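So the structure is just underneath, and the comments pick up after that.
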Amino acid sequence: MACRLIGVGVGPGDPDLVTVKGVKALRAAGVVVVPVMDTGERGRAEATVLHHVGPKKVVRVVFALNERTDRARREAAWDAAGQRVAALLREHGTVAFATIGDPNVYSTFTYLAQTVAPLVPGTVVETVPGITAMQDLAARSGAVLTEGTEPLTLVPVTAGAGVLKEALRGPGTVVAYKFGRQAGEVAEALRASGRLGDAVWGSALGLPEESIRTAAELDGSPLPYLSTLIAPPRRDGGRGGKL
């Protein structure tokens with residue numbers, strides 16, 4: 001039978017937000033791989049998984065998750081991780097890979113699947129969707145992501161604040177991921193676009209250190225790397241005004 005590699009979205013941090021299907025996939029797999037940085041500390045994916053499966057089933061695999069500049073080091077880490085997961089597939093047949101958020105939204109799982117496919121020919125790649133940080137932040141803050149015909153734009157600020165500035169010129173809600181290290185530039189972009197007053201940001205959602213604030217409170221100080229921003233458009237038409 002073909003090996004199965006399953007990317008399971010485990011949400012932004014709150015273990016109660018893992019879907020029933022996600023929990024079933026984690027428990028049915030031969031092993032559950034969780035990504036860790038080379039510094040070794042427990043990440044959100046691992047902490048979440050351990051609420052649903054025993055530690056003996058969890059395999060920690062190092063990824064260069066914090067590497068942005070050294071491409072060779074990043075590629076070498078992906079190759080090593082791919083080799084490790086390929087070996088686990090051959091041994092167990094079915095491997096689940098736990099990723100925060102959703103496995104098809106800015107996830108390391110994409111690169112892992114691309115690496116493993118040629119190493120274990122015939123591997124079936126599947127994904128189980130997960131709750132995203134923008135959904136969780138919207139629920140916890142009361143922000144409405146979209147109304148009527150409004151578009152929704154998601155940008156990673158790791159691509160530079162210019163990407164966010166361009167998106168803020170559009171008509172709909174803008175969500176920014178990973179903006180913590182550029183919080184000052186983000187606040188200025190919101191101010192220039194007239195969206196500062198209604199925007200909210202959050203970090204460590206669902207965790208004891210959770211922080212949810214209005215964007216007006218941004219003072220330029222660096223924030224946690226995995227901070228999320230929601231900047232809604234102006235909605236002046238009353239109920240149903242965007243239909």
Side-chain angles (χ1 to χ4, degrees), residues 9-14 17 34-48 63-71 73-74 77 98-103 105-111 130-143 145 152-170 173-193 195-232:
V10 296
D14 183 345
L17 290 182
V34 294
V36 297
M37 294 191 295
D38 53 11
T39 48
E41 66 264 27
R42 178 180 292 178
R44 290 191 199 181
E46 181 178 4
T48 303
F63 286 79
L65 300 176
N66 59 343
E67 182 56 70
R68 300 292 168 187
T69 57
D70 190 337
R71 183 183 179 93
R73 177 176 176 272
R74 186 171 66 240
T99 179
I100 60 171
D102 183 277
V105 180
Y106 299 130
S107 170
T108 303
F109 180 72
T110 301
Y111 313 124
I131 302 295
T132 61
M134 63 178 167
Q135 291 170 289
D136 196 15
L137 178 57
R140 293 175 187 277
S141 67
L145 286 170
L152 175 65
T153 302
L154 173 62
V155 298
V157 182
T158 49
V163 175
L164 175 62
K165 293 175 183 178
E166 180 64 29
L168 289 171
R169 297 188 185 103
T173 295
V174 176
V175 175
Y177 276 2
K178 304 176 182 179
F179 81 92
R181 295 173 184 170
Q182 300 186 57
E185 293 178 75
V186 167
E188 182 54 39
L190 289 169
R191 190 174 294 106
S193 66
R195 297 202 191 199
L196 185 65
D198 294 326
V200 295
W201 69 271
S203 64
L205 301 173
L207 302 176
E209 63 271 28
E210 173 182 280
S211 179
I212 297 174
R213 300 283 188 273
T214 65
E217 296 178 55
L218 292 172
D219 61 5
S221 301
L223 303 175
Y225 174 67
L226 290 178
S227 295
T228 298
L229 171 81
I230 297 176

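Remember, predicted model here, so these are calculated numbers, not experimental data. Because only heavy atoms are used, hydrogens play no part in the values below, and waters and symmetry mates are left out as well, while side chains stay in.
Contact annotation: the side chain of Y225 approaches that of T158 to within less than 4.5 Å [non-hydrogen atoms, C-beta and beyond]. At least one side-chain heavy atom of Y177 sits under 4.5 Å from a side-chain heavy atom of T132. By the 4.5 Å heavy-atom criterion applied to side chains, Q182 and L164 are not counted as neighbours. Counting only heavy atoms from C-beta outward, the side chains of W201 and S211 approach each other to under 4.5 Å. L205 places a side-chain heavy atom less than 4.5 Å from the side chain of I212. Side chains of V157 and E185 form no contact here, defined as non-hydrogen atoms less than 4.5 Å apart. Side chains of I230 and T173 form a contact here, defined as non-hydrogen atoms less than 4.5 Å apart.
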Exercise. Step by step, work out the side-chain contact (heavy atoms from CB on, under 4.5 Å) result for V200 and R213.
Key: CA-CA 6 Å; V200 295; R213 300 283 188 273; over 6 Å; no
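Side chain of E166 to main chain of G162: no donor-acceptor pair is present (N/O by atom type, distance under 3.5 Å, no hydrogens or angles). A donor-acceptor contact shorter than 3.5 Å is absent between the side chain of R44 and the backbone of I100.
What you find for A98 and A45 is that their closest heavy atoms are O-CB, 3.7 Å. Minimum heavy-atom separation, A199 to P232: CA-CD, 4.0 Å.
To the nearest 0.5 Å, atom CG of residue L145 and atom CD of residue Q135 are 7.5 Å apart. Separating the CE atom in M134 from the CG atom in D136 is a distance of 11.5 Å, to the nearest 0.5 Å. Here F179 contributes atom CZ and L218 contributes atom CG; the two are 5.5 Å apart, rounded to the nearest 0.5 Å.
Crowding of Y106 atom OH: a count of heavy atoms from other residues, nucleotides or ligands under 6.0 Å exceeding 12.
L229 pairs with exactly one of V186, V155, V174 by the side-chain contact (heavy atoms from CB on, under 4.5 Å) rule, that one being V186. Put simply, the residue from T48, L17, V34, I131 that forms a side-chain contact (heavy atoms from CB on, under 4.5 Å) with V10 is T48.
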